[in-house]
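Quick notes on the structure that follows.
A note on names: the letters A, B, ... follow the listed sequences, proteins ahead of strands, and every chain is numbered from 1.
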Amino acid sequence: MIRRPRGTRDFGPDEMEARRYIESLMRREAETFGFREIATPVFEHAELFTLKSGPNILAEMYAFLDKGGREITLRPELTAPAIRFFVNELAELPRPLKIFYTGPCFRYERPQSGRFREFYQFGVELIGVQNPESDAEVIALAASIMDRIGLKGYRIRVGHIGILRDKLKVAGVPGETVPVILQKLDKKLYDEAVPLMKEAGMDEKSIEETIGITEMSGPVSVLEEVGGEAKSYLEEVFGVLEASKVSNLQIDLGVIRGLDYYTGIVFEIDVPKLGAEKQVCGGGSYSLSELFGGEKVFSTGFAIGFDRTLIALAKEGFEAPRRRVEVHVIPVGDATRSKAFEITAMLRKEGIGADVDLMRRNLAKNLKYADSIGARRAVIVGEKELGFGAVTVRDMVSGEQTTIPLGDLPGYLKGTRDFGV
RNA sequence: GCCGGGAUGGGGUAGCCUGGUAUCCUGUGGGACUGUGGAUCCCUAGACCCGAGUUCAAAUCUCGGUCCCGGCCCCA
């Protein structure tokens with residue numbers, strides 16, 4: 001027996017139905033906001049990902065040399081490919097450029113709850129502008145998607161990485177030390193952050209203030225204690241979000257994110273009931289294009305962890321509407337078998353989902369089968385009715401039967417399609 | 001990379017401590033019932049994660065590996 005590689009999953013019909021359903025809701029919502037779908041390759045030059053975040057990331061990438069000696073990696077995320085695509089070919093589209101994408105990503109990590117080596121992301125980028133409206137637009141879309149798919153127990157925490165960056169810069173922290181300190185602050189590891197800040201030359205007062213900032217969370221009013229440009233910027237963002245009727249929203253200046261390239265607002269959506277892997281979406285504004293050889297262009301985007309989102313929905317009792325075939329066509333005996341296929345083909349041409357007996361089962365078994373696949377109706381093709389050019393249509397829920405002339409069958413099935421159940 | 005708990009037909013399980021090739025439920029296929037389902041009964045097929053060791057004998061004990069679950073690290 002050959003088994004699945006570690007950290008990967010197979011998806012059965014029920015699961016795929018649920019996944020496609022949720023995915024289509026996300027797509028539709030993004031399209032409603034004026035975003036259009038793109039797709040990029042599953043593998044890229046490893047350099048694309050090491051450029052922006054350093055070689056330590058290589059440890060978690062599925063990287064390898066291809067037969068031409070190129071350093072290739074399965075994509076660990078989708079933002080960098082999207083921006084590469086933008087720089088390469090999309091830079092001349094009208095701005096703001098609003099794109100979204102979805103697909104599998106790969107990270108060589110220890111699998112655990114809500115964490116896989118092959119996982120799926122759904123992300124968007126709004127490229128070419130950075131102001132409170134564009135940031136709010138992206139956050140509003142993230143929230144709308146969560147609402148549209150019916151997720152309830154989520155919260156959005158919005159921060160502004162510029163506040164901390166400025167603070168550290170003003171205090172004279174050298175550029176290369178900033179990410180290290182930010183990382184500790186992100187994890188709230190103050191015991192480790194404080195010595196680092198001292199070492200970087202910060203005085204007691206600014207250290208205290210810095211930690212104070214990371215602990216600020218709550219309604220917009222907490223910004224009163226901050227002041228500065230970032231404050232008014234965030235207030236404007238929240239103003240637009242309020243006008244857009246986005247809820248489940250709070251300020252949290254402790255939101256930092258692991259990425260170095262974020263410059264402005266940053267936000268995360270998490271679902272507390274998921275435990276350790278509770279973050280279902282992360283995003284912010286950044287500029288990456290210049291790293292890939294393009295002009296410097298600001299963008300705001302987010303990535304939704306598709307798998308975790310589904311786990312969260314499942315925990316809330318979500319069930320995808322089951323796709324069912326409209327009718328199951330049952331020949332009674334061998335004599336009408338070929339006629340049954342004729343009728344099935346005719347129904348399918350009319351766009352009516354039809355299944356037909358392929359097991360040569362008797363009528364009783366076929367009805368049982370029709371029930372188990374959830375067919376709404378059974379079309380019983382028997383010699384008696386065929387004698388006068390008709391078939392029997394049985395409603396699988398009520399058990400009612402009607403004799404329908406063959407010519408009227410598609411119309412009957414279509415016309416009453418939404419009734420019953 | 002680290003720590004803990006697991007792995008028995010497709011799904012769910014009993015058996016494991018105290019070694020003697022496996023229980024039950026459900027699902028699959030067939031039949032009772034070759035023109036009427038979701039009930040019942042019967043039949044059939046189907047499993048001890050992999051490898052090594054101990055033993056007359058291993059699902060059971062020992063070791064190694066793989067995978068899963070939960071947590072740490074990390075999360076671009």
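- Atom CZ in Arg117(A) sits roughly 11 Å away from atom C1' in C67(B) (whole-Å rounding).
- In this structure, CZ of Arg75(A) is placed 18 Å from C1' of C75(B), rounded to the nearest angstrom.
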Dump the intermediate steps for side-chain hydrogen bond (donor to acceptor under 3.5 Å, both in side chains) on Glu44(A) and Thr73(A), then the final yes or no. CA-CA 6 Å; Glu44(A) 296 269 2; Thr73(A) 186; over 6 Å; no
Dump the intermediate steps for ring pair (Phe, Tyr, Trp, His ring centres under 6.0 Å) on Phe122(A) and Phe100(A), then the final yes or no. CA-CA 7 Å; Phe122(A) 179 98; Phe100(A) 72 94; 5.5 Å; yes
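- When the P atom is used for both U13(B) and C75(B), the distance is 36 Å, rounded to whole Å.
- Residue Gly374(A) is out of contact with every strand shown, counting any heavy-atom pair closer than 4.0 Å.
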Compile the donor-acceptor pairs under 3.5 Å between side chains in residues 380-394 of chain A and protein atoms, sequence neighbours left out, one pair per line.
residue: Glu385(A); atom: OE2; partner: Thr392(A); partner atom: OG1; Å: 2.4
residue: Arg394(A); atom: NH1; partner: Gln401(A); partner atom: OE1; Å: 2.6

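- With P as the reference atom, A47(B) and G11(B) are 12 Å apart, rounded to whole Å.
- Pair assignment for G1(B) gives C72(B), based on Watson-Crick or G-U wobble hydrogen-bonding distances that are each under 3.5 Å.
- For Arg110(A), taking side-chain heavy atoms from C-beta onward, the closest of the listed nucleotides C74(B), C67(B), C2(B) is C2(B).
- As rounded to whole Å, 13 Å separates atom C1' of G10(B) from atom CG of Asp10(A).
- At a cut-off of 3.5 angstrom, the base of C68(B) holds no donor-acceptor pair with the side chain of Arg9(A).
- Between Tyr108(A) and Tyr62(A), a ring centre-to-centre spacing shorter than 6.0 Å is recorded.
- Proximity note for Gln112(A) (side chain, C-beta onward) versus C75(B), G71(B), C74(B): the nearest is G71(B).
- A salt bridge links Asp270(A) with Arg157(A): the closest approach of a Lys/Arg side-chain nitrogen to an acidic carboxylate oxygen falls below 4.0 angstrom.
- Sequence neighbours left out, the pairs with a member in residues 300-314 of chain A that pass side chain to side chain donor-acceptor pair (under 3.5 Å) are Arg9(A)-Asp307(A), Arg19(A)-Asp307(A), Asp135(A)-Thr300(A), Glu277(A)-Arg308(A).
- A side-chain N or O of Asp355(A) and one of Tyr369(A) form a donor-acceptor pair less than 3.5 Å apart.
- For the P atoms, the distance from C16(B) to G20(B) is 9 Å, rounded to whole Å.
- Distance, Phe49(A) CZ to C75(B) P: 16 Å, rounded to whole Å.
- Side-chain atoms of Arg165(A) do not come within 3.5 Å of backbone N or O of His160(A) as any donor-acceptor pair.
- Taking the C1' atom of each, C2(B) and U21(B) are spaced 38 Å apart, rounded to whole Å.
- Base pairing analysis places G46(B) opposite nothing; no Watson-Crick or G-U wobble pair with both distances below 3.5 Å involves it.
- If you take CZ of Arg115(A) and C1' of C68(B), they are 16 Å apart, rounded to a whole angstrom.
- A 3.5 Å limit on both hydrogen-bonding distances identifies no Watson-Crick or G-U partner for A57(B).
- When the P atom is used for both G9(B) and U55(B), the distance is 30 Å, rounded to whole Å.
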Hey, mind stepping through Tyr101(A) and Gln121(A) against side-chain hydrogen bond (donor to acceptor under 3.5 Å, both in side chains) and telling me if it holds? CA-CA 8 Å; Tyr101(A) 43 75; Gln121(A) 283 197 343; over 6 Å; no
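- A close approach under 4.0 Å does not occur between any side-chain nitrogen or oxygen of Ser113(A) and OP1 or OP2 of C69(B).
- Lys167(A) and Glu209(A) are joined by a salt bridge, as a carboxylate oxygen and a charged side-chain nitrogen come within less than 4.0 angstrom of each other.
- Put simply, CG on Asp270(A) is 14 Å from C1' on C75(B), counting in whole angstrom units.
- The base-pairing partner of G19(B), taking Watson-Crick or G-U wobble contacts with both distances under 3.5 Å, does not exist among the strands shown.
- In this model, a donor atom of one side chain and an acceptor atom of the other lie less than 3.5 Å apart for Ser285(A) and Gln130(A).
- The pair Asp334(A)-Arg337(A) meets the salt-bridge criterion, since a charged nitrogen lies less than 4.0 angstrom from a carboxylate oxygen.
- Distance check on atom P: C43(B) versus U23(B) gives 14 Å, rounded to whole Å.
- The gap from the P atom of G6(B) to that of A22(B) amounts to 25 Å, rounded to the nearest Å.
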Does the protein touch nucleotides 26-39 of chain B at the base, only the backbone, or not at all? Give it as B, S and - per nucleotide, heavy atoms under 4.0 Å. ---SSB-S-BBBB-
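- In terms of position on RNA chain B, the residue among Gln183(A) and Pro111(A) whose nearest nucleotide sits closer to the 5' end is Pro111(A).
- For Phe116(A), taking side-chain heavy atoms from C-beta onward, the closest of the listed nucleotides C75(B), C69(B), C67(B) is C69(B).
- Contacts with RNA chain B (heavy atom under 4.0 Å) in residues 304-312 of chain A: none are found.
- At distances below 3.5 Å, at least one donor-acceptor pair connects side-chain atoms of Arg4(A) with backbone N or O atoms of Thr8(A).
- To the nearest angstrom, C1' of G10(B) lies 19 Å from CZ of Phe11(A).
- When the C1' atom is used for both C24(B) and C67(B), the distance is 27 Å, rounded to whole Å.
- The stretch residues 280-293 of chain A has no heavy atom under 4.0 angstrom from RNA chain B at all.
- Rounded to whole angstrom, the span from the CZ atom of Arg107(A) across to the C1' atom of C74(B) amounts to 10 Å.
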Throw together a table of side-chain donor-acceptor distances under 3.5 angstrom for residues 190-197 of chain A, partners on residues two or more places apart or in other chains.
residue: Tyr190(A); atom: OH; partner: Thr214(A); partner atom: OG1; Å: 2.9
residue: Glu192(A); atom: OE1; partner: Lys184(A); partner atom: NZ; Å: 2.9

